[in-house]
Participant: 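This is the structure, below, for whatever I ask next.
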Amino acid sequence: MESGPPKVIETAIGWLIPPACREEVLGDLRELYRSPAQYLFEAACTIPCVVVSRIRRTTAATLLLMEWMSIYAMLVFATLCLDRAALSEQWMCVRLAVPPAIILVVMTLGDVYAAGKRGFDPVMGPAVGLSIAAAFAVKNFPELPAFVFSLGGGAGTLIVATLRVMFPPPAYRPLVARIPAFWQRLELVPRRSLIVFSFQAAVFLATVFAVICIRFFAL
Amino acid sequence: MPDSVGQFEQIVLTAILSLRDDAYGVTIHARACALAAPKKVSLGAVYVTLDRLEDKGMVSSRLSDPTPERGGRAKRIYHLEALGERALEESAATAKRIWETVAEAFGELGGGGRRRPKWNPARPR
């Protein structure tokens with residue numbers, strides 16, 4: 001008689017459960033095990049609830065809205081400044097709202113499945129989200145020049161990265177006081193991330209300067 | 001004053017109270033099923049409610065030692081906090097007042113079936 005689920009199934013189910021609650025949920029599912037089919041059914045019913053609960057604990061709705069608005073505003077602003085004609089395409093203003101939503105979904109899921117105590121890296125998280133959103137934009141926004149998307153998306157994700165450094169996800173905030181994390185004398189961002197962040201900011205500013213120079217002198 | 005708790009939260013709090021030191025996912029789910037019968041209760045709903053109660057400060061949790069029957073995995077044991085106890089007491093007091101009012105309106109409810117209060121528009125308030 002089997003005492004537990006097959007190792008392969010248990011490992012696969014374990015990957016789907018957020019690390020913060022993986023130990024106890026896997027243990028409970030194993031305790032309730034009767035057959036592989038029953039185990040899979042129980043896991044299928046339980047995991048979405050656990051993920052949604054974890055999203056609720058690691059996401060602040062106000063902060064999410066601010067992040068979405070930042071990226072969307074930068075995208076629209078970049079399109080307005082650099083390729084105004086693209087904005088006259090059908091529903092472009094509404095379609096530009098999709099890449100920011102993709103970035104935020106990636107970051108939200110990253111926070112849920114983060115193994116560390118800080119959530120998804122505040123610098124790499126938005127960068128990963130932007131890459132996935134860029135792949136989506138290349139396929140679905142052929143009329144939008146790539147450099148416009150890169151500029152607007154890059155500016156937006158820099159703002160989002162700053163917001164995430166200042167306001168970590170709720171589940172990972174220090175509980176000592178309700179003030180921005182950088183006001184407290186704690187090691188907020190690892191040194192490596194600060195260096196990467198500074199490098200990205202420098203690259204972005206250099207790109208903006210180069211584009212403006214090219215547009216200005218080309219005209 | 002503690003936040004108000006919904007019916008399912010009351011069920012979960014009652015399950016934790018009755019289980020004492022053995023309150024973890026599986027046992028809380030089993031006790032909640034018994035309390036909520038004949039309604040079915042899913043394990044996922046119990047987890048969501050436990051997280052919500054923990055965020056409200058009504059329960060606290062800790063990981064226990066690993067056990068071999070759980071494949072060497074630890075249990076998350078839940079304890080009722082003072083805030084949760086007060087919320088449960090208030091809910092029980094409210095339920096008792098409702099029960100007494102309903103019993104007064106319907107008469108004796110034990111053995112003999114339920115009697116509806118007679119509709120009488122002329123009955124003085």
Participant: Measure A/Leu32 against the heavy atoms of chain B and call it side chain, backbone, both or neither at under 4.5 Å.
Facilitator: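 A/Leu32 touches chain B through side-chain heavy atoms alone.
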
Participant: Heavy atoms only: give me the nearest B/Thr14-B/Leu88 pair and the separation to one decimal.
Facilitator: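 Distance-wise, the nearest heavy atoms are OG1-CD1, 3.6 Å.
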
Participant: Would you mind telling me which of A/Val50, A/Val52, A/Leu26 has the largest number of heavy-atom pairs within less than 4.5 Å of chain B?
Facilitator: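 Among the listed options, the one with the most contacts to chain B is A/Leu26.
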
Participant: Using 4.0 Å as the upper bound for N to carboxylate O, is an ion pair formed by B/Glu90 and B/Arg86?
Facilitator: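 Here B/Arg86 does not pair with B/Glu90 in a salt bridge, since their nearest N and O are not under 4.0 Å apart.
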
Participant: What closest approach, in Å, do A/Pro99 and A/Leu75 show between heavy atoms, and which atom pair accounts for it?
Facilitator: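 It is CB-CD1, 4.3 Å.
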
Participant: With sequence neighbours left out, what residues match B/Ala23 under side-chain contact (heavy atoms from CB on, under 4.5 Å)?
Facilitator: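 With sequence neighbours excluded, B/Ala23 shows a side-chain contact (heavy atoms from CB on, under 4.5 Å) to B/Ile16, B/Leu19, B/Ile28, given in chain and number order.
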
Participant: Looking at residues at least two apart in the chain, or sitting in another chain, which of them share a salt bridge (charged side-chain N to carboxylate O under 4.0 Å, His left out) with B/Glu104?
Facilitator: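 Counting only residues at least two positions away or on another chain, B/Glu104 forms no salt bridge (charged side-chain N to carboxylate O under 4.0 Å, His left out).
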
Participant: Using every non-hydrogen atom in the two residues, find where B/Ala36 and B/Val41 come nearest and quote the distance to one decimal.
Facilitator: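 Minimum heavy-atom separation between B/Ala36 and B/Val41: CB-CG2, 3.7 Å.
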
Participant: Need one label for A/Leu29: side chain, backbone, both or neither, based on atoms under 4.5 Å from any heavy atom in chain B.
Facilitator: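 The side chain, not the backbone.
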
Participant: Let me know if A/Val25 has heavy atoms under 4.5 Å from chain B in its side chain, its backbone, both or neither.
Facilitator: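 Both backbone and side chain.
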
Participant: Taking every heavy-atom pair that is under 4.5 Å apart, which of A/Cys49, A/Gly27, A/Cys21 has the most such pairs with chain B?
Facilitator: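 Top option by heavy-atom pairs under 4.5 Å: A/Gly27.
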
Participant: Apply side-chain contact (heavy atoms from CB on, under 4.5 Å) to A/Val98 and list each qualifying residue two or more places apart in sequence or on a separate chain.
Facilitator: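 Partners of A/Val98 under the side-chain contact (heavy atoms from CB on, under 4.5 Å) test: A/Ile102, A/Phe136.
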
Participant: Which side chain or backbone donor-acceptor pairs connect chain B with chain A at less than 3.5 Å?
Facilitator:
{"from": "B/Tyr24", "atom 1": "OH", "to": "A/Glu31", "atom 2": "OE1", "distance (Å)": "3.2"}
{"from": "B/Tyr24", "atom 1": "OH", "to": "A/Glu31", "atom 2": "OE2", "distance (Å)": "2.5"}
{"from": "B/Tyr47", "atom 1": "OH", "to": "A/Asp28", "atom 2": "OD2", "distance (Å)": "2.5"}
{"from": "B/Asp51", "atom 1": "OD1", "to": "A/Arg57", "atom 2": "NH1", "distance (Å)": "3.4"}
{"from": "B/Asp51", "atom 1": "OD2", "to": "A/Ser53", "atom 2": "OG", "distance (Å)": "2.5"}
{"from": "B/Asp55", "atom 1": "OD1", "to": "A/Arg57", "atom 2": "NE", "distance (Å)": "3.1"}
{"from": "B/Asp55", "atom 1": "OD1", "to": "A/Arg57", "atom 2": "NH2", "distance (Å)": "2.9"}
{"from": "B/Asp55", "atom 1": "OD2", "to": "A/Arg56", "atom 2": "NH1", "distance (Å)": "3.2"}
{"from": "B/Asp55", "atom 1": "OD2", "to": "A/Arg56", "atom 2": "NH2", "distance (Å)": "3.0"}
{"from": "B/Asp55", "atom 1": "OD2", "to": "A/Arg57", "atom 2": "NE", "distance (Å)": "3.4"}
{"from": "B/Arg70", "atom 1": "NH1", "to": "A/Asp28", "atom 2": "OD1", "distance (Å)": "2.7"}
{"from": "B/Arg70", "atom 1": "NH1", "to": "A/Glu31", "atom 2": "OE1", "distance (Å)": "2.8"}
{"from": "B/Arg70", "atom 1": "NH2", "to": "A/Glu24", "atom 2": "O", "distance (Å)": "3.2"}
{"from": "B/Arg70", "atom 1": "NH2", "to": "A/Asp28", "atom 2": "OD1", "distance (Å)": "3.0"}
{"from": "B/Arg73", "atom 1": "NH1", "to": "A/Glu10", "atom 2": "OE2", "distance (Å)": "2.9"}
{"from": "B/Ala74", "atom 1": "N", "to": "A/Glu23", "atom 2": "OE2", "distance (Å)": "2.9"}
{"from": "B/Arg76", "atom 1": "NE", "to": "A/Glu24", "atom 2": "OE2", "distance (Å)": "2.8"}

Participant: For B/Leu35 and B/Ala15, work out which heavy atoms get closest and say how close.
Facilitator: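 Closest approach of B/Leu35 to B/Ala15, heavy atoms only: CD1-N, 4.0 Å.
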
